[in-house]
Amino acid sequence: MKIPIKYSLRNFKERKLTTGITIVGIAMVVFVFAAVLMMAYGIEKTLVQTGSDENVIILRKSSTGEISSILPPDVQNIVSSLPYIAKTSGNIPIISYEPVVIINLDKVGGGLSNIIVRGVSPESIILRPNVKLIEGRFFNFGARELIVGKSLVGSFQNSKIGEQIKFAGGYWKIVGVFEASGGGFESEFWGDSKQVLDAFNRGNTVSTMTLKLNSADEFPLFKKEFLRDRRLKEFEPKIEKVYFAEQSETMAMFIRILGIVVTVIFSIGATIGAMITMYSAVANRTVEIGTLRSLGFKRRNILAAFLMESLLVSLIGAGIGIVLASALQFFSISTLNYSSFAEISFKFAISPSIIFLSLIFAALMGILGGFLPAVRAARMNIIKALRSI
Amino acid sequence: MAAIIKVKDINKSYQRDNFVVPVLNNISLDVEEGEFIALMGPSGSGKTTLLNLIAGIDKPDKGSITVADINIAALSESELAKWRSHNVGFVFQFYNLIPVLTAFENVELPLLLTNLSKKERKEHVVAALTLVGLEDRMDHYPKQLSGGQEQRVAIARAIVTDPIIIVADEPTGDLDKKSADDILLLLERLNSEYKKTIIMVTHDPNAASKAHMQRHLDKGDLV
């Protein structure tokens, strides 16, 4: 780098408008790029936070989610008698037998959406210490009462404490609001497992069982016992956190691919913008280029100086785009989770790797946009360049 | 004194669309060390082309140009760039200062191609600007200087690497009489005090009269 960077930087000031427009263009593309990645990461984070490392979820093999899983009563009995399951002081295994169903609810702004209703057992409070009531009280076991995840409050009609929602032929009273460290549970209604089974005529067939092991390290041993039992061969145990992480993959991948395809198309526009700016920069400085060359600067020095200039423009744009995108962290949005077909609410989340990828993405735009103009500058004939005054 | 520049039998022509336009025809010229020579002639006579060839920013079609025993016509483009940075100081008609760099930074430019430390570069730049009488304008940008001052910064830039030759293409062509005289005085000083070999292309008989020798070109021939 023989030609000083200040040469490039000060040239920006000389061309405030074109440089500014290019920076804004790149900033907007980087904003969208980062926002999409933040969205995918936000969903992953929400779903991963839903699960715990110490809990094990039992599902029917080949079920794509909790909704499509079925555990008949005999299976429940066999699983509950397996070793390594933690027990309460009263020697009751810590297991939540959970029917997971989807109901339709009216949104506040109009329209319907799918919402998960999860029936839980009394032990689920021990299983999920991160679930905390923030308003009202816990539902009574044996009553048709529900507690509502805080993301749903205000988004759906009749979802406030004291109000009632109707499904499965009956009215359910909302008695409390809970939070779950930002996880997916916050987009669900919770009620008594038996009441939910009853209302939906499910007998004793639940969707999943979630159980706590004595220690998270014992999962391989537990799994070995589980697999050894031929009666359980149609079912499988998974660490709860792993299960929810897998659930987020399809959705996050879909958002990422769609988002990246869209932003790559946008980026072509921004790259062409950068290219036009750099071509005009080269054209305006033909004499300077001729002068630098006659002073002894080589073609590659000229190439490097113009590429550096384009790179700087794109990185400044990236910085602005990333700062704007990071403000999205304060927003929470909800969308249909394709794995459960139910509404899930999540926050945009930024990570160092998203920042890094955004910078690389912008740098690529800068280098691609600046390359041809820089080559033109470097290939210029000295005599012709000097004569172009 | 020995000839420091030996131009021997050079030809140069340019391609304009489908036509080959001959610019220089079998030119030979020797310039001795410490000489101050003015190349004169009408527009299109080939004087600037000859200057560019001697300065190593253009190459002859035929013939050799030897400067301080190096045949620069045989150097590769990249060798030539290096050679220029050490051996040639350029003074242009329109000064050709970089507008976004200060006087100091403009003069420092050629030194960025050397191995000098920042401190050494600063010493050289200050010395060059002092020599042209602009030590108090170091932090000024070109647009904050008058034409004459700009040309003096350009001369400082030309001498800062202590080159063997200084080539000046119409150095007074864009200046008023007073500024032009100052610049010519400066060039004379560089020649007499610092023994710089100077080749100057000019239209101006007044400017040419300051040189020790005048050579005229007409339609590509030295006359």
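Convention: sequence-line order gives letters A, B, ...; per-chain numbering from 1.
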[atom1] of [X]: more than 12 outside heavy atoms within 6.0 angstrom?
X         : atom1 : value
Tyr279(A) : OH    : yes
Lys59(B)  : NZ    : yes
Asp136(B) : CG    : yes
Arg10(A)  : CZ    : yes

Kindly compute the distance separating [atom1] ([X]) from [atom2] ([Y]), expressed to the nearest 0.5 Å.
X         : Y         : atom1 : atom2 : value
Ile98(B)  : Arg285(A) : CD1   : CZ    : 9.0 Å
Thr291(A) : Phe94(B)  : OG1   : CZ    : 12.0 Å
Lys384(A) : Tyr14(B)  : NZ    : OH    : 9.5 Å
Lys2(A)   : Leu109(B) : NZ    : CG    : 12.5 Å
Ser78(B)  : Arg300(A) : OG    : CZ    : 6.0 Å
Leu80(B)  : Ile382(A) : CG    : CD1   : 7.5 Å

Side-chain heavy atoms of Ser294(A) within contact of Phe92(B), under 4.5 Å: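 Contact flag for Ser294(A)/Phe92(B) side chains = yes.
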Taking the side chain as everything from C-beta on, heavy atoms only, tell me whether Phe297(A) gets closer than 4.5 Å to Arg84(B). no
When you check the gap from the basic side-chain N to the acidic O, do Arg293(A) and Glu77(B) get nearer than 4.0 Å?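 Salt bridge between Arg293(A) and Glu77(B), a charged N being under 4.0 Å from a carboxylate O: yes.
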Sole candidate of Thr48(B), Thr49(B), Ile57(B) that passes side-chain contact (heavy atoms from CB on, under 4.5 Å) when paired with Ile383(A): Ile57(B)
Could you check Lys298(A) against Glu79(B) for salt bridge (Lys or Arg N to Asp or Glu O under 4.0 Å), going step by step and ending with a plain yes or no? CA-CA 10 Å; Lys298(A) 294 183 179 163; Glu79(B) 288 167 335; over 6 Å; no
Interface residue of largest heavy-atom contact number with chain A, from Ala158(B), Gly89(B), Pro99(B), under 4.5 Å: Pro99(B)
Pick one of side chain, backbone, both or neither for Tyr95(B), based on which atoms fall under 4.5 Å of a heavy atom in chain A.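 Looking at Tyr95(B), nothing touches chain A.
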Side chain from CB out, backbone as N, CA, C, O: work out which of these in Glu105(B) comes under 4.5 Å of a heavy atom of chain A, or both, or neither.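 For Glu105(B), the contact with chain A is made by the side chain alone.
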Check Val100(B) against Glu14(A) and note the closest heavy-atom contact, atom names and distance.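 That closest heavy-atom pairing would be CG1-CG, 3.3 Å.
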Specify the closest pair of heavy atoms between Gly296(A) and Leu113(B), including all atoms of both residues, with the distance to one decimal.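 Between these two residues, the closest heavy atoms are C-CD1, 3.5 Å.
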Could you look at [X] and say if it's the side chain, the backbone, both or neither that has a heavy atom under 4.5 Å from chain B?
X         : answer
Leu295(A) : both
Glu288(A) : both
Leu9(A)   : neither

Where do Asn96(B) and Leu386(A) land on the side-chain contact (heavy atoms from CB on, under 4.5 Å) test, with the steps shown first? CA-CA 9 Å; Asn96(B) 291 21; Leu386(A) 285 174; 3.4 Å; yes
